[in-house]
Amino acid sequence: MIVAIDVGLKRIGVAISYENGVVLPLNAVIRKNRNQASKEISQLLQDYKAKKLVVGIPLGGSSEDEMTRRIKHFVNLIYFDGEIIFIDESFSSKEASDFAVINHKKKDGKLDSLSAMIILKRYIEN
């Protein structure tokens, strides 16, 4: 089982990949604070018996360096002894917003989890 996350300041998108190659978005984790969010992600990884955690990070640009630092700090708070893989998340949110099922006015995390699903598909395809 592989789990992917798209870490944001307010929501963390989550997606999983089954061994048969099916990739599905899960409900996003709404961040109240980083400790609560890291505990929820840690529990999710345990519940799904994840072997790998794929984390989207922005590549390039100096403004993205700060977000990359924040994401890596957050990942260090997660209790997980499997493999952690960082991959480029560029344009995953844009690609996710192209799905017609998204209500852009709602901030419920569906877009974030679709982004995580796209990040996970990219990882599997490469």
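Residue numbers run from 1 in the order of the sequence given. Atoms considered below: every heavy atom in the structure, side chains included; atoms not considered: hydrogens, waters and symmetry mates.
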Handout entry: Passing option when Ile57 is tested against Ile71, Ile87, Val75 for side-chain contact (heavy atoms from CB on, under 4.5 Å)
Key = Ile71
Problem - All side chain to side chain donor-acceptor pair (under 3.5 Å) counterparts of Arg70, not counting sequence neighbours - result: Glu66
Practice task
Output, in order, the C-alpha distance, side-chain angles, deciding distance and verdict of side-chain contact (heavy atoms from CB on, under 4.5 Å) for Leu44 and Glu40.
Solution key: CA-CA 6 Å; Leu44 188 137; Glu40 284 189 44; over 6 Å; no
Completion exercise
One should read off an interatomic distance between Met67 CE and Arg69 CZ, to the nearest 0.5 angstrom, of 10.0 Å
Handout entry: Asn126 side, atom CG; Ile85 side, atom CD1 - distance, nearest 0.5 Å
Key = 12.0 Å
Exercise for the section: Nearest 0.5 Å please: distance from the OH atom of Tyr123 over to the CG atom of Asp88. Expected result: 15.5 Å
Problem - Within-4.5 Å side-chain heavy-atom neighbours: Leu26 and Tyr48 - result: yes
Fill in the blank from the handout: Shortest non-hydrogen pair, Ala4 vs Ala116, comes out as CB-O, 3.6 Å
Practice task
Determine whether Ile84 and Val55 make a side-chain contact, defined as any pair of heavy atoms from C-beta on separated by less than 4.5 Å.
Solution key: yes
Problem - Partners passing side chain to side chain contact (heavy atoms under 4.5 Å, CB included) against Ala37 (at least two apart in sequence or in another chain) - result: Ile12, Val29, Arg31, Phe74
Practice task
Kindly compute the distance separating CD (Glu125) from CD1 (Ile118), expressed to the nearest 0.5 Å.
Solution key: 10.5 Å
Exercise for the section: Go through the structure and list residues passing side chain to side chain contact (heavy atoms under 4.5 Å, CB included) with Ile124, not counting sequence neighbours. Expected result: Ser17, Val23, Leu120
Handout entry: Gln46: partners by side chain to side chain donor-acceptor pair (under 3.5 Å), with sequence neighbours left out
Key = none
Practice task
Check whether any side-chain heavy atom of Val54 lies under 4.5 Å from a side-chain heavy atom of Ile119, and answer yes or no.
Solution key: yes
Exercise for the section: Could you grab the distance from atom CG of Asp112 to atom CZ of Arg11, nearest 0.5 Å is fine? Expected result: 4.5 Å
Handout entry: Check: Ser113 side chain, Val14 main-chain N or O, donor-acceptor pair, under 3.5 Å
Key = yes
Handout entry: side-chain contact (heavy atoms from CB on, under 4.5 Å) between Lys51 and Ile2, intermediate numbers included
Key = CA-CA 6 Å; Lys51 302 284 187 240; Ile2 305 172; over 6 Å; no
Handout entry: Qualifying residues under side chain to side chain donor-acceptor pair (under 3.5 Å), relative to Asp47, sequence neighbours excluded
Key = Gln43
Handout entry: Trace of the side-chain contact (heavy atoms from CB on, under 4.5 Å) decision for Ile5 with Ile78
Key = CA-CA 12 Å; Ile5 58 174; Ile78 297 171; 4.2 Å; yes
Completion exercise
The complete set of side-chain hydrogen bond (donor to acceptor under 3.5 Å, both in side chains) pairs with one or both residues in residues 72-83, sequence neighbours excluded, reads none
Exercise for the section: Kindly write out the residues that satisfy side chain to side chain contact (heavy atoms under 4.5 Å, CB included) with Asn35, not counting sequence neighbours, or none if the list is empty. Expected result: Asn33, Leu77
